[in-house]
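Scroll down for the structure; my scribbles are underneath it.
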Amino acid sequence: MKNSVRTTVVFLFFAALAPEKASAQNLLEQINEAPLLTLNEFLTQTGKNTFFEEILIDTLDLKYSEVLALPAEDVVLGVKGAYQVLFPSESDSKPSHGLDSSVSLSKLFADSGTSLSAGVSTSPSGSSGHTSQFVFEIAQPIAQNAFGKANRLTRKLTQIENRILEMQIVEAYEDYYAELITLYYTWHAEYAALQSSQNSYITSRSLIEEMEQKYDYGIANQLDLDKSNIQLYSKLDSLIQQETDFKETMDLIKQAMMIDDAALLYRPQLENYYSPEDLDFDRYYTDFQNDSRTYEVFSLTEERSDLNVRLRADELLPSANLYANYRLNGRGIFFAEGPEDQSLQIGVDLSYPIASSQARASYEREKIDRTRTALSNANKKIELKNDLRRLFYDLESGVERIALSDRRVEMANRIAESESRDYNLGKSDLNDLISALNQVDTVAQSRISAIVRQNQNTVELLRFTDRLVSESVLDQAELIKEKTEE
């Protein structure tokens with residue numbers, strides 16, 4: 001009677017577990033039959049998604065910023081047309097009327113600050129008919145913006161800011177690229193963990209089946225059965241959680257590839273860990289200082305601060321222009337009756353604020369900002385060096401941790417096999433066997449975590465030192481430009 005009741009209980013127990021076990025096992029079977037998706041294939045597919053396009057589209061603005069920052073260098077055509085009536089005056093008793101119009105052209109050369117203008121005009125002049133005038137003038141700033149100095153500084157400043165923005169765009173691209181690689185490694189780890197949990201569940205189920213037989217023969221007691229059941233429930237819970245984690249990450253993988261198909265599955269390629277072959281900190285740090293976007297930005301921000309100081313200093317100077325103009329006067333509409341007289345004028349116009357407190361304040365603040373930028377960059381360089389050193393510590397210890405994990409996995413499997421034999425021979429109790437089986441799972445998960453961490457640290461080293469992607473990614477912005485022109 002006792003064995004009959006026990007058989008019924010065990011049957012009901014396995015019947016309750018069957019749906020969950022079948023679900024996880026079916027998922028793993030589907031994954032193993034799914035198409036293989038390597039890391040390179042994944043990155044190729046994600047390179048087409050709109051997240052990268054959103055990052056790169058900012059590049060299209062840069063080519064226009066220099067034009068917008070400088071005074072317009074267009075040739076400006078001015079045309080005026082009117083009909084004018086002059087009422088009688090004491091000197092001229094008859095009213096006069098006629099065309100009052102002008103045509104002018106002007107051009108500014110921003111790099112030199114030189115402006116040219118020429119114009120011709122005509123207007124009624126009492127009873128004498130019409131008068132006409134032609135004027136050609138050259139103006140050259142000689143104090144503030146002397147010979148285009150401020151414009152050239154502005155152009156250089158804009159070029160520096162564009163260069164900084166370009167590198168920030170590449171940095172944003174690189175950060176997202178690193179996130180995608182990390183996502184793939186996480187997906188890889190969850191697939192390995194799912195396999196490990198499945199194997200652990202199968203082992204625990206075999207254990208409880210053996211325990212049932214021993215119970216029927218009176219070798220095992222109810223306490224042994226309860227311990228085995230708890231072990232099985234624990235492994236099933238872990239298996240269900242690993243299945244959920246894999247599904248969630250699988251959805252993120254498909255989202256990154258712009259795939260909207262809930263049923264579609266891929267299988268990650270199980271690869272060994274990656275690690276730099278030569279972990280020479282001094283060499284890496286020297287290369288980082290000499291050839292990286294980060295250190296180039298440091299130099300450019302300090303140069304930008306210096307240019308801003310020079311621009312504010314230029315604003316302290318008076319506005320002074322050296323000019324020369326040639327005038328030709330004549331009679332008739334647009335000199336129809338011939339020229340009369342001409343003149344040449346050379347002079348200087350000057351304007352200077354008596355109290356330039358705001359310009360002086362701006363100048364002093366820019367000098368403070370220049371010092372602040374230099375101090376901030378110096379502190380950031382110290383932080384970067386320490387961060388890079390800590391990253392090297394993690395990479396160096398990671399190689400050792402993975403080697404230790406390999407040995408621990410090997411030893412844990414030997415111990416579990418030994419404990420299983422001893423338990424079957426009655427040399428050890430069930431607690432020792434369960435502990436050994438749990439240890440196998442623990443060290444297996446620890447090894448997976450160590451490999452994933454090492455891979456992620458390697459990616460972080462490449463990202464940190466600006467080596468994960470090159471500036472050639474900016475060329476892809478031209479493809480985006482085609483969309484803006486559609």
Side-chain angles (χ1 to χ4, degrees), residues 39-40 43 47 52 55-56 58-59 62-63 65-66 152-153 155-182 185 273-310 366-367 369-399 453-477:
L39 176 58
N40 288 336
L43 294 176
F52 282 121
I55 294 170
L56 292 174
D58 290 337
T59 308
L62 301 182
K63 63 179 65 178
S65 58
E66 184 175 326
R152 292 193 299 274
L153 290 176
R155 185 187 299 276
K156 180 64 175 176
L157 182 62
T158 305
Q159 291 171 348
I160 288 175
E161 290 176 343
N162 282 354
R163 178 60 181 158
I164 292 174
L165 287 172
E166 280 182 349
M167 287 184 283
Q168 289 174 342
I169 291 170
V170 176
E171 186 79 11
Y173 189 104
E174 188 174 54
D175 289 345
Y176 184 57
Y177 198 75
E179 287 180 14
L180 291 176
I181 296 175
T182 300
Y185 287 146
Y273 72 91
Y274 297 96
S275 185
E277 296 180 358
D278 182 15
L279 288 174
D280 185 341
F281 173 80
D282 292 333
R283 181 179 65 80
Y284 264 86
Y285 184 66
T286 299
D287 292 344
F288 181 47
Q289 287 178 301
N290 296 334
D291 184 22
S292 70
R293 295 188 303 272
T294 302
Y295 269 81
E296 185 179 351
V297 168
F298 286 147
S299 299
L300 290 174
T301 52
E302 293 180 13
E303 185 178 357
R304 180 179 61 185
S305 296
D306 185 64
L307 288 175
N308 280 324
V309 171
R310 293 168 64 185
E366 287 296 344
K367 290 200 299 182
D369 284 343
R370 179 174 60 182
T371 303
R372 181 184 293 113
T373 298
L375 292 173
S376 175
N377 286 347
N379 291 331
K380 287 178 181 177
K381 290 175 183 178
I382 294 173
E383 292 176 4
L384 286 173
K385 185 174 184 178
N386 289 333
D387 289 344
L388 184 60
R389 195 185 300 277
R390 284 192 290 271
L391 185 56
F392 264 76
Y393 291 156
D394 286 343
L395 285 165
E396 290 168 346
S397 62
V399 175
R453 181 177 177 82
Q454 189 72 353
N455 286 341
Q456 292 174 344
N457 283 336
T458 301
V459 173
E460 176 61 15
L461 176 63
L462 295 173
R463 189 204 66 80
F464 191 96
T465 55
D466 302 330
R467 296 182 178 186
L468 191 58
V469 299
S470 68
E471 293 182 36
S472 62
V473 298
L474 296 175
D475 297 337
Q476 300 176 29

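Computed over heavy atoms, backbone and side chain alike; hydrogens, waters and symmetry mates excluded.
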(request) Please name all residues satisfying side-chain hydrogen bond (donor to acceptor under 3.5 Å, both in side chains) with Asp306, sequence neighbours left out, ordered by chain then number. (result) Arg370

(request) Take Arg293 and Glu296 through the salt bridge (charged side-chain N to carboxylate O under 4.0 Å, His left out) test and state the conclusion after the steps. (result) CA-CA 5 Å; Arg293 295 188 303 272; Glu296 185 179 351; over 6 Å; no

So how far is it from [X] [atom1] to [Y] [atom2], rounded to the nearest 0.5 Å?
{"X": "Leu56", "Y": "Tyr173", "atom1": "CG", "atom2": "OH", "answer": "6.0 Å"}
{"X": "Thr373", "Y": "Phe298", "atom1": "OG1", "atom2": "CZ", "answer": "11.5 Å"}
{"X": "Asn379", "Y": "Leu375", "atom1": "CG", "atom2": "CG", "answer": "7.0 Å"}

(message) Under a 3.5 Å threshold, yes or no: a donor from one side chain and an acceptor from the other, between Asp369 and Ser305?
(response)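 No pair is found: no donor N or O on one side chain lies under 3.5 Å from an acceptor on the other.
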
(message) Quick one, Asp287 and Thr465 - any side-chain contact, counting heavy atoms below 4.5 Å?
(response)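 SC-SC contact between Asp287 and Thr465 ruled out.
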
(request) Evaluate the side-chain proximity of Arg310 to Leu307: yes if any heavy-atom separation is below 4.5 Å, no if none is. (result)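 In short, these two side chains touch, coming nearer than 4.5 Å.
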
(request) Kindly write out the residues that satisfy side-chain contact (heavy atoms from CB on, under 4.5 Å) with Lys385, not counting sequence neighbours, or none if the list is empty. (result) Phe281, Tyr285, Arg389

(request) Name all residues meeting the side-chain contact (heavy atoms from CB on, under 4.5 Å) criterion together with Arg453; count only those two or more places apart in sequence or in a different chain, and write none if there are none. (result) Asp394, Arg401, Asn457

Using only atom types and a distance under 3.5 Å, with no angle test, would you say the side chain of [X] pairs donor to acceptor with the backbone of [Y]?
{"X": "Thr301", "Y": "Val297", "answer": "yes"}
{"X": "Asn290", "Y": "Thr286", "answer": "yes"}
{"X": "Glu174", "Y": "Leu468", "answer": "yes"}
{"X": "Asn455", "Y": "Tyr185", "answer": "no"}

(request) Report the relative orientation of the aromatic rings in Phe392 and Tyr284; use parallel for angles under 30°, tilted for 30 to 60°, perpendicular for over 60°. (result) perpendicular

(request) Just say parallel, tilted or perpendicular for the rings of Phe52 and Tyr176, cut-offs at 30° and 60°. (result)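 Plane angle over 60°, so perpendicular.
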
(message) Between Glu460 and Arg463, does any NZ, NE, NH1 or NH2 come within less than 4.0 Å of an OD or OE carboxylate oxygen?
(response)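 The answer is yes: the pair qualifies as a salt bridge.
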
(message) Regarding Arg163 and Glu166, does a basic nitrogen lie under 4.0 Å from an acidic carboxylate oxygen?
(response)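 Between Glu166 and Arg163 there is a salt bridge, with a charged N closer than 4.0 Å to a carboxylate O.
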
(request) For atom NZ of Lys381, decide whether the heavy atoms of other residues, nucleotides or ligands shown that lie under 6.0 angstrom number more than 12. (result)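 More than 12 within 6.0 Å, yes.
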
(message) Using a 6.0 Å cut-off, check whether atom CG of Asp175 has over 12 heavy atoms from anything other than its own residue.
(response)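 Yes, because the 6.0 Å sphere around CG of Asp175 holds more than 12 heavy atoms from other groups.
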
(request) Check the pair Leu157 / Glu303 against side-chain contact (heavy atoms from CB on, under 4.5 Å), numbers first and verdict last. (result) CA-CA 9 Å; Leu157 182 62; Glu303 185 178 357; over 6 Å; no

(request) Mind listing the closest non-hydrogen atom pair of Phe464 and Thr294 along with its distance? (result)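 That would be O-OG1, 4.5 Å.
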
(request) May I have the step-by-step check of side-chain contact (heavy atoms from CB on, under 4.5 Å) for Gln159 and Asn162, ending in yes or no? (result) CA-CA 5 Å; Gln159 291 171 348; Asn162 282 354; 5.6 Å; no

